[in-house]
Amino acid sequence: MADHSSVTDGIHYHQHDVVIVGAGGAGMRAAIEAAPKASTAVITKLYPTRSHTGAAQGGMAAALANVEEDSNEWHTYDTVKGGDYLTDQDSAEILTREAIDAVYDLENMGLPFNRTPDGKIDQRRFGGHTRDHGKAPVRRACYAADRTGHMILQTLYQNCVKHGVEFFNEFYALDLIMAEVDGVKRVSGVVAYELATGEIHVFQGKSVVFATGGFGKIYKTTSNAHTLTGDGVGIVWRQGLPLEDMEFYQFHPTGLAGLGILLTEGARGEGAILRNASGERFMERYAPTIKDLAPRDIVARSMVQEVLDGRGAGPNKDYVYLDCTHLGAEVLETKLPDITEFARTYLGVDPVVERVPVYPTAHYAMGGIPTNNDAQVLSDNETVIPGLYAAGECACVSVHGANRLGTNSLLDINVFGKRAGNNAVAYAQTADFVDLPADAADGVVKMLAQLREGEGTESVAEIRKALQETMDRNAQVFRTEETLQTALADIAALRERYPNVRIHDRGRRFNTDLLEAVELGFLLDLAEVVVVSAINRKESRGAHMRDDYPTRDDVNYMQHTMAYRTDAETGASQGIRLDWKPVRVTHYQPTERKY
Amino acid sequence: MAESEQKNENSAGFEREAETGDPAAQADAAVEATTADAESAMSSSGTSAAPVDSAAEAADRPVEAAPVEVPESFTVTLIVRRYDPEVDDEPRWVDYDVQMYQTERILDALHRIKWEQDPSLAFRRSCAHGVCGSDAMRINGKNRLACKALVKDFDISKPIYVEAIKGLPLEKDLIVDMEPFFDSFREIQPFLQASGKPEKERHQTIAQRERFDDTTKCILCAACTTSCPVFWTDGQYFGPAAIVNAHRFIFDSRDEASQVRLDILNDREGVWRCRTTFNCTDACPRGIQVTKAIAEVKQAMLTGVKL
């Protein structure tokens, strides 16, 4: 399945049945389905093993019932309730039903899960995962120490090697090409920039899968990698396609204070406790039944509330403690070795004997590119774009609703990554290529030339820092109309400065200066969508907590936000139109969310 | 700004002689060789926020006032081996003064150079906490991940030397061509080979799982392979990382292709080239006992795989 490529006017042209953008968990899971059946190219801005799937720690949920009674119906209920009833319930049913095979698939591919004494996959507790509809925490998370994401990423890459998947490493996708065929908008290909050479490549594909991950770098304090700049979501947005539920951004409760480096919820799954400055186990007040294992939105909010009420720890009273000291050295070294090392390395704190300073860190986008259950991208509430698929954090099915449960994202990438790969290859086996327009690469060539040759004086780093600071200050765990309007005004001012950024590296090879400028453009676009969507939702639901509207309003807001871009980019502000999309309810009517 | 710094070079053929020598001694030598022209202009906006400062800003509501401890900052000199293939005939050392704080890492220093002094500096990085393996580099003569090398662990009264890992083709600044490294990885068939499709999971005891635990930690950062003197002189050698990943499958009770991998590594460029210098073990940012793993593979060739 060789790459059919040619060069015209300095632009490289490639043709593959299936083109996958992104080589994290979702992209590689899709590739494993597609590559054996059709010519498949994976375009990835990073070497596959650098993807941020590898930073996931705690586990992957599936009701295997290897260590205690469990059912995927309970898992569905938890996912819906955890998502504060914004989860599409038929999608959650698929997620939890296919979870079981998704775990077995990975084990059969070689993933070295931790084992029970009788040799089965071991399971641990995690936030929001309960027995029998909330009665008590349940052991549902399949895990490999606290490096489950690392093992998934390595295992998927190993199997891509096995299947001879063709990777284009350090190729930055920068545009999506679509064309109308018989009045229907269809996908035609992807334009990418090769980091090593500075050359432009156009990949024509019968089907295209976006699996490009999240955009945590709109925030300053984040568990996300530097490279998580939302390029894929931004590309789709710039094509005039909608984004769904962008106001729902998850803050993981236990980031290392001040640094944002993730400490897995699996620590609390193994028994660790959150304490305030006086040593009180404060989660008993906020979630009396499952306490420290409440869902992330609730725990993060509770931690911030403790700090706001003056019960924070440290010289500035601006964090709380994660107490692992009663777990013992053996549990920490065998089940939580990486986070133990992170605390030691980065804060000089030994979790075996000391409490670890923690504070919420921007972690995961529940929203993104809207898809149906077949991972097909939607151009409105229902219309499918033939040939275009999305999976993983960049997509919004929505299985996570207003708040994702821990261990459901490693699950999501496997279930919907596999669906995307299968469906993309099935489509490619029946469809023809859509002709590329003659000017397919022009948009990217022009954008890069403008940036590279600009004579402005603005610093990419300064604009990015200002963006991240206003998002941390004004669009974080708690929001109000006032803080969000402040963020919006700040973003508009930064967007005006952006066209005047100065690129210092005028070279072609490994021009990371240029790419950071491109990434900043995506960050600015997406931050604005997040804030505009957040202003519009005048209620509190899941991760979206409005101080000025502190309760959930199911009458007016139990529906998904759909944001559309309404004009071409002209500087200060992009036109954004907001619409709604109904939530699909099967069995679970919304009730007050208590834990 | 970038242009003025480029004049600040030392292309006087400064080369490290002892690869495993004392970094401090090397640092001293290089200080003499460097045109000490650390312009104050270079550390222009060095007053960026301390890392521990954002936590209480949530929701814009005041937190009860407490005495604010401003973290102490200090100046560190980094001397970075720069190379731009479109301009330079050969690499050159450039020095930068950077304001740093106690909890910061070499990666933070590189970012401060890139974001405040010279945006043309090229290096790879992603996760910034030691799990993605992007930013392996040679820091004071030793392979480390820049994101795990804390500045406070260095003697900051002397400059810190940063250069690309050795033994792979230099592309630009701190970036090397990783393809030969991944070629070796792919050659050892790094995927589970097991017959039959079980209905559920394959079973494995806790002890069987533990047998290969250490080598599952590998993040393919290449710190081990590019610290190996044998690899430096013979790029055909599989290198420690490929052997580590072979070990991960050879000692996995579920795998049936151990002999295939042992045959591959019994090659002229295989495990027998290892001279047990332990550079790889010292370099591994994940704490893998690399030399021990290589020894176990050698042993398996002689006496068979013992699970």
Side-chain angles (χ1 to χ4, degrees), chain A residues 46-47 49-50 52 54-55 104 107-110 112 114-115 117 119-121 147 150-151 158-159 161-162 196 220-221 225-227 257-259 261 304 307-308 310 312 315-319 342 345-347 359 460-461 472-474 476-479 483 504-505 507-510 512-513 547, chain B residues 1-2 51-61 63-64 66-69 84-87 103 115-116 118-120 122 125-134 148 150 171-173 175 178 182 186 190-192 197-198 200-206 209 212-213 216-217 219-220 252 254:
Chain A
L46 302 170
Y47 274 82
T49 57
R50 314 298 182 219
H52 213 54
Y104 293 146
E107 195 285 332
N108 292 173
M109 285 187 218
N114 275 42
R115 299 289 171 157
K120 296 181 189 167
I121 294 168
R147 47 181 87 105
H150 163 76
M151 299 300 192
Q158 290 156 5
N159 281 269
V161 171
K162 177 180 172 181
K220 178 181 171 197
T221 307
H226 286 286
T227 45
L259 298 173
I261 294 172
V304 174
V307 165
L308 293 170
N316 299 323
K317 299 189 175 186
D318 57 1
Y319 53 75
F342 294 155
T345 301
Y346 296 116
L347 287 185
Y359 199 74
V460 169
D472 261 25
R473 196 176 306 116
N474 297 309
Q476 222 221 25
V477 174
F478 288 98
R479 298 118 182 239
T483 66
H504 295 255
D505 187 344
R508 298 273 157 190
R509 295 174 54 76
F510 290 97
T512 53
D513 188 18
D547 257 359
Chain B
M1 189 158 59
V52 188
D53 68 349
S54 68
E57 293 174 0
D60 214 20
R61 292 183 289 190
V63 178
E64 189 183 318
V68 177
E69 284 182 16
D84 181 347
E86 294 173 80
V87 177
T103 55
W115 294 343
E116 297 170 8
D118 183 354
S120 73
R125 86 287 187 259
S126 190
C127 81
H129 64 285
V131 297
C132 82
S134 296
K148 285 192 82 173
L150 269 73
E171 293 277 5
K172 182 178 179 180
D173 293 342
I175 294 175
M178 296 294 290
F182 278 100
R186 286 187 284 262
F191 40 84
L192 188 77
K197 171 106 176 94
K200 295 181 174 180
E201 71 262 60
R202 291 190 171 83
H203 284 206
Q204 187 166 52
T205 67
I206 291 170
R209 166 66 181 78
F212 65 103
D213 184 65
T216 65
K217 297 174 193 165
I219 54 174
L220 297 167
D252 185 335
R254 301 169 296 174

Examine whether an atom of B:Leu220 lies under 4.5 Å from a heavy atom of chain A, and if so say whether it belongs to the side chain, the backbone or both; otherwise answer neither. both
Got A:Gln158 and B:Leu192 here, is their nearest side-chain heavy-atom distance under 4.5 Å? no
A side-chain contact here means heavy atoms from C-beta on lying under 4.5 Å apart; do B:Pro119 and A:Asp505 qualify? no
For B:Glu86 versus A:Arg509, what's the shortest heavy-atom pair and its separation? OE2-N, 2.9 Å
Beyond-backbone contact of A:Thr345 with B:Leu150, side-chain heavy atoms, under 4.5 angstrom: yes
Under 6.0 Å between ring centres: does that hold for A:Phe342 and B:His129? yes
Of all of A:Asn159, A:Val161, A:Leu46, A:Asn114, which one pairs up most often with chain B through heavy atoms under 4.5 Å apart? A:Val161
Using the side-chain contact (heavy atoms from CB on, under 4.5 Å) rule, take A:Lys120 and B:Lys200 through it: C-alpha gap first, then chi angles, then the decisive distance, then the call. CA-CA 9 Å; A:Lys120 296 181 189 167; B:Lys200 295 181 174 180; over 6 Å; no
Would you say the side-chain atoms of B:Glu201 pair up with the backbone N or O of A:Ile121, donor to acceptor, closer than 3.5 Å? yes
Quick one: what part of B:Lys197 sits under 4.5 Å from any heavy atom of chain A, side chain, backbone, both or neither? side chain
Specify which of A:Ala461, A:Gly110, A:Gly54, A:Ala55 makes the most heavy-atom pairs with chain B at under 4.5 Å. A:Gly110
Do A:His52 and B:Val131 make a side-chain contact, defined as non-hydrogen atoms from C-beta onward lying under 4.5 Å apart? no
